[in-house]
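Report on the structure given below.
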Amino acid sequence: MIDTLDDLDVEGTTVGVRVDVNSPIDAEGSLADDARLRAHVDTLSELLERGGRVAVLAHQGRPGGDDFVSLAPHADRLSVLLDRPVEYADATFTDAAREAVRSLDNGECVVLENTRFYSEEYMEFEPERAARTHLVEGLAPVLDAYVNDAFAAAHRSQPSLVGFPTVLPGYAGRVMESELDVLGSIEVTPEPRVYVIGGAKVPDSIDVAWSVLEKGLADHVLTAGVVGNVFLIADEVDLGDASSDFIYDQGYWDEIDRAQDLLDAYGDRIALPRDVAVERDGDRHELAVNALPPRDGEAAMDIGHSTLAYYERILEDAGTVILNGPAGVFEDETFETGTKELYGAATSVPMSIVGGGDTASALRQLGVEGFSHVSTGGGAALRMLTAEPLPAVTALENGPRADD
Ligand SMILES: Nc1ncnc2c1ncn2[C@@H]1O[C@H](COP(=O)(O)OP(=O)(O)O)[C@@H](O)[C@H]1O
Ligand SMILES: O=C(OP(=O)(O)O)[C@H](O)COP(=O)(O)O
């Protein structure tokens with residue numbers, strides 16, 4: 001049982017609110033999409049209107065990535081969305097951060113700096129250990145309560161997600177509450193159930209595939225995107241050096257063995273791309289799997305039309321489809337077809353659930369709509385749809401209550 005904002009006496013309370021505003025960032029370092037910020041407006045407005053003093057905690061990107069940037073643009077955008085001043089502090093748990101939080105008045109809000117600028121926040125801990133990190137020990141003393149609205153990060157056991165609710169009374173925000181509500185009952189969704197795993201987070205996707213196949217939740221797993229490429233290599237298809245180097249550079253080479261094990265165990269329920277699209281002479285060029293490898297330098301950037309026809313046939317009979325991750329490099333118009341058509345076909349399935357920051361932004365960009373539920377989370381939604389507990393939710397369940 002988790003407490004929600006209905007259980008929190010907000011007036012005059014200093015609340016640390018963990019949100020997930022991890023967003024695409026453009027070449028100028030600005031937000032390329034603000035959907036994840038808009039999702040948290042209800043929670044933040046409610047806390048502020050009820051007289052809370054709000055310190056916003058969030059991560060952006062991963063160390064080393066081009067999108068690993070400060071939360072200053074997020075604070076500016078939140079100020080517009082909340083229609084009130086939102087301060088930004090370039091500190092998270094130091095004296096400067098504590099001072100920024102202490103100086104809040106009722107109904108005021110400060111966005112603290114990207115939690116992942118501190119190395120401990122990019123590690124996974126048991127909650128008790130997470131509670132002893134610099135971030136939590138430094139900031140918790142100036143907070144009265146902790147609200148977790150970051151459903152999209154709830155599959156991570158990082159300090160800002162599992163440490164704070166171990167030492168402070170914890171509450172689910174409105175996004176967290178509604179996501180848990182919708183996604184908490186996967187076992188009772190209509191069958192057959194099809195999971196589509198695309199995108200670029202290969203280890204997470206393979207974990208999910210294992211879990212749903214092992215538990216009998218998935219009748220079919222359709223692979224696409226980089227995940228599909230890893231499965232093709234595991235199936236001994238020669239995708240050429242460009243795709244292989246990309247997978248190697250991402251540190252996903254070991255995933256090929258895991259994909260192979262999965263194919264050995266559940267190959268009859270896993271569908272692999274039958275063709276891929278590469279760029280040739282400036283255009284999209286589709287190659288059947290038996291015509292691979294492509295020419296030197298050509299990478300598999302999307303699934304092709306024969307794969308689409310194959311996957312659409314499977315979707316025609318599905319009762320539920322759960323999708324995460326674009327089918328190709330949708331950011332490039334030449335390779336948006338796979339994502340547009342596959343996701344478009346999924347909207348005709350009686351129950352269609354989509355997850356993922358990039359996926360949701362791809363669908364908006366491509367104008368694909370009509371799903372039963374578009375989750376703010378990708379990995380988190382998938383983890384939940386495997387009927388696995390989310391560490392950040394477990395930490396809220398097990399943490400102290402205001403009346404303890
Ligand atoms: N074949 C491919 N090669 C390289 N990148 C790909 C391919 N297919 C999809 N992608 C990339 O995957 C990224 C999104 O994946 P991911 O982060 O896993 O999605 P989400 O945030 O929805 O979980 C996009 O930037 C897209 O360009
Ligand atoms: O974007 C996120 O996850 P998602 O891509 O699975 O939707 C979350 O912000 C978690 O980020 P992370 O996968 O870098 O831990």
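Counting convention: from 1, in listed order, for ligands and their atoms alike. Throughout, numbering of the chain's residues begins at 1 and tracks the sequence.
- Ring to ring, Phe330 and Phe335 are not that close: their centroids are 6.0 angstrom or more apart.
- An N or O contact shorter than 3.5 Å is missing between Gln158 and ligand 2 by distance.
- Taking a cut-off of under 4.0 Å to the non-hydrogen atoms of Gly378, the atoms of ligand 2 that pass are 4 (P), 6 (O), 7 (O).
- Geometrically, ligand 2 and Asp204 share no nitrogen or oxygen pair separated by less than 3.5 Å.
- Inclusion of Gly356 in the set of residues having an N or O under 3.5 Å from an N or O of ligand 2 is not warranted.
- The contact set between ligand 2 and Ala152, taken as ligand atoms under 4.0 Å from a residue heavy atom, comprises 3 (O), 8 (C), 10 (C).
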Should Glu87 and Val111 be marked as a side-chain contact (heavy atoms from CB on, under 4.5 Å) after you check the CA-CA gap, both sets of side-chain angles, and the distance that decides it?
-> CA-CA 6 Å; Glu87 295 300 316; Val111 172; over 6 Å; no
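- Formation of a donor-acceptor pair under 3.5 Å by the Arg84 side chain with backbone atoms of Gly107 is found in this model.
- Checking only distances, Asp20 does come within under 3.5 Å of ligand 2, N or O to N or O.
- Those atoms of ligand 1 with a heavy atom of Val226 less than 4.0 angstrom away are 2 (C), 3 (N), 4 (C), 5 (N), 6 (C), 7 (C), 8 (N).
- The shortest N or O to N or O distance between Asn22 and ligand 2 is under 3.5 Å.
- Checking Thr307 against Arg274 by side-chain atom types alone, no donor-acceptor pair falls below 3.5 Å.
- The aromatic ring centroids of Phe68 and Phe117 lie less than 6.0 Å from each other.
- The contact set between ligand 2 and Arg62, taken as ligand atoms under 4.0 Å from a residue heavy atom, comprises 12 (P), 13 (O), 14 (O).
- The atoms of ligand 1 that sit less than 4.0 Å from any heavy atom of Thr359 are 20 (P), 22 (O).
- Within 6.0 Å of the CG atom in Asp6, the count of heavy atoms belonging to other residues, nucleotides or ligands exceeds 12.
- Using a 4.0 Å cut-off to heavy atoms of Asp358, the atoms of ligand 1 that qualify are 14 (C), 16 (P), 17 (O), 19 (O), 20 (P), 21 (O), 22 (O).
- Open room surrounds CG on Asp66; 12 or fewer heavy atoms of other groups in view lie less than 6.0 Å from it.
- Atom NE2 of residue His59 and atom CG of residue Leu57 lie 12.5 Å apart, to the nearest 0.5 angstrom.
- Under a 4.0 Å criterion applied to the non-hydrogen atoms of Arg156, ligand 2 contributes the atoms 12 (P), 13 (O), 15 (O).
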